[in-house]
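All remarks here apply to the structure that follows.
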Amino acid sequence: MLFRSSYDIDGVLAEGPPPSEKKWGKMNGAERHERKRFLVEWYRNAAPLLTPTEPYFFAVSARKFEPDVYAATKNWLDQRYSGRVVEIFLMEGSRSVVNAAKFKADILARNGVQIHYEDNKKVLRLMKILNPDVEYYFWEKGMIFPERF
């Protein structure tokens, strides 16, 4: 069976967390620990946004691949899309627009994904260069339908 579609999680499937008041590099150890705890809790309880129309799809996110983040993400997806998420891909390494685009474009290429939904236009532009064979859609909260990018 061919699974053609993938969805970004934060900002597309789930409401994304609010930005931190402080940049990660400026945080001390306690602040970083608190931010991680806040994010895991957010991922467990995020409001759902766009509902996929396909029966099966991949979830691809620049969320940090850590056991507690993965568990919260998987649980959230299982509760809302039981049996529909083929695989969850979370990013390892440092998070930047370039790294996120490379990570996502590579995942799409390796899995034969033909359609991807994303809320970050900078990431989409780079993904389109890195993997031009995919049909990309932009979607953000408040839109009725995703727009072809």
Side-chain angles (χ1 to χ4, degrees), residues 1-20 24 27 32-149:
M1 181 179 285
L2 178 65
F3 305 108
R4 301 180 53 223
S5 298
S6 64
Y7 288 79
D8 176 43
I9 299 174
D10 294 315
V12 178
L13 294 177
E15 188 157 355
S20 177
W24 186 258
M27 291 181 190
R32 286 181 179 188
H33 177 76
E34 180 57 28
R35 179 65 180 172
K36 283 183 177 185
R37 188 202 60 74
F38 171 80
L39 288 174
V40 170
E41 191 62 26
W42 184 275
Y43 298 155
R44 285 186 182 120
N45 299 299
L49 296 176
L50 183 66
T51 301
T53 57
E54 302 85 354
Y56 303 102
F57 58 91
F58 292 102
V60 183
S61 177
R63 287 181 180 182
K64 191 89 167 162
F65 184 81
E66 294 176 349
D68 52 348
V69 171
Y70 184 85
T73 302
K74 182 173 181 353
N75 184 271
W76 189 92
L77 289 165
D78 286 348
Q79 287 178 355
R80 285 149 187 85
Y81 311 110
S82 180
R84 295 181 59 200
V85 181
V86 177
E87 197 163 345
I88 303 165
F89 298 97
L90 303 182
M91 195 169 135
E92 294 187 37
S94 63
R95 294 180 351 151
S96 68
V97 168
V98 171
N99 289 347
K102 286 179 180 178
F103 165 74
K104 291 179 179 185
D106 181 55
I107 293 297
L108 273 52
R110 284 190 291 150
N111 290 281
V113 170
Q114 296 174 344
I115 300 169
H116 178 73
Y117 298 86
E118 177 73 42
D119 71 318
N120 187 319
K121 288 184 177 182
K122 291 178 182 177
V123 170
L124 276 170
R125 280 187 198 96
L126 287 172
M127 288 178 73
K128 203 168 184 175
I129 292 166
L130 295 167
N131 190 346
D133 298 329
V134 173
E135 191 174 308
Y136 294 99
Y137 287 87
F138 173 76
W139 189 88
E140 64 184 357
K141 187 175 179 180
M143 294 176 71
I144 296 171
F145 299 108
E147 295 175 353
R148 181 94 184 256
F149 190 80

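All residue numbers in this chain count up from 1 along the given sequence. Just so you know, these numbers use all the heavy atoms, side chains as well, and skip hydrogens, waters and symmetry mates.
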Nearest heavy-atom pair of [X] and [Y]: which atoms, and what distance?
X      : Y      : value
Val134 : His116 : CG1-N, 3.9 Å
Leu77  : Ala59  : CD1-CB, 3.8 Å
Val113 : Ser5   : CG1-C, 4.1 Å
Arg84  : Thr53  : NH2-C, 4.1 Å
Asp8   : Lys104 : OD1-NZ, 3.0 Å
Ser20  : Met27  : OG-CE, 2.9 Å

Measure the [atom1]-[atom2] distance between [X] and [Y] for me, rounded to the nearest 0.5 Å.
X      : Y      : atom1 : atom2 : value
Leu50  : Met143 : CG    : CE    : 9.5 Å
Glu87  : Lys74  : CD    : NZ    : 11.0 Å
Asp68  : Tyr43  : CG    : OH    : 10.0 Å
Phe65  : Ile88  : CZ    : CD1   : 9.5 Å
Ser96  : Lys122 : OG    : NZ    : 11.5 Å
Arg110 : Phe89  : CZ    : CZ    : 6.5 Å

Cation-pi geometry met for Lys121 and Phe149 (6.0 Å, 45°): no
Is there a side-chain contact between [X] and [Y], using heavy atoms and a 4.5 Å cut-off?
X      : Y      : value
Asn75  : Arg44  : no
Pro52  : Tyr117 : no
Lys36  : Lys64  : no
Trp139 : Tyr7   : no
Leu108 : Val60  : yes
Thr73  : Ser61  : no
Pro18  : Phe38  : yes
Tyr136 : Asn131 : yes

Side-chain ion pair, Arg4 and Glu54, N-O less than 4.0 Å: no
Side chain Trp76, main chain Pro48, donor-acceptor under 3.5 Å: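 Pair absent, no side-chain N/O of Trp76 close to backbone of Pro48.
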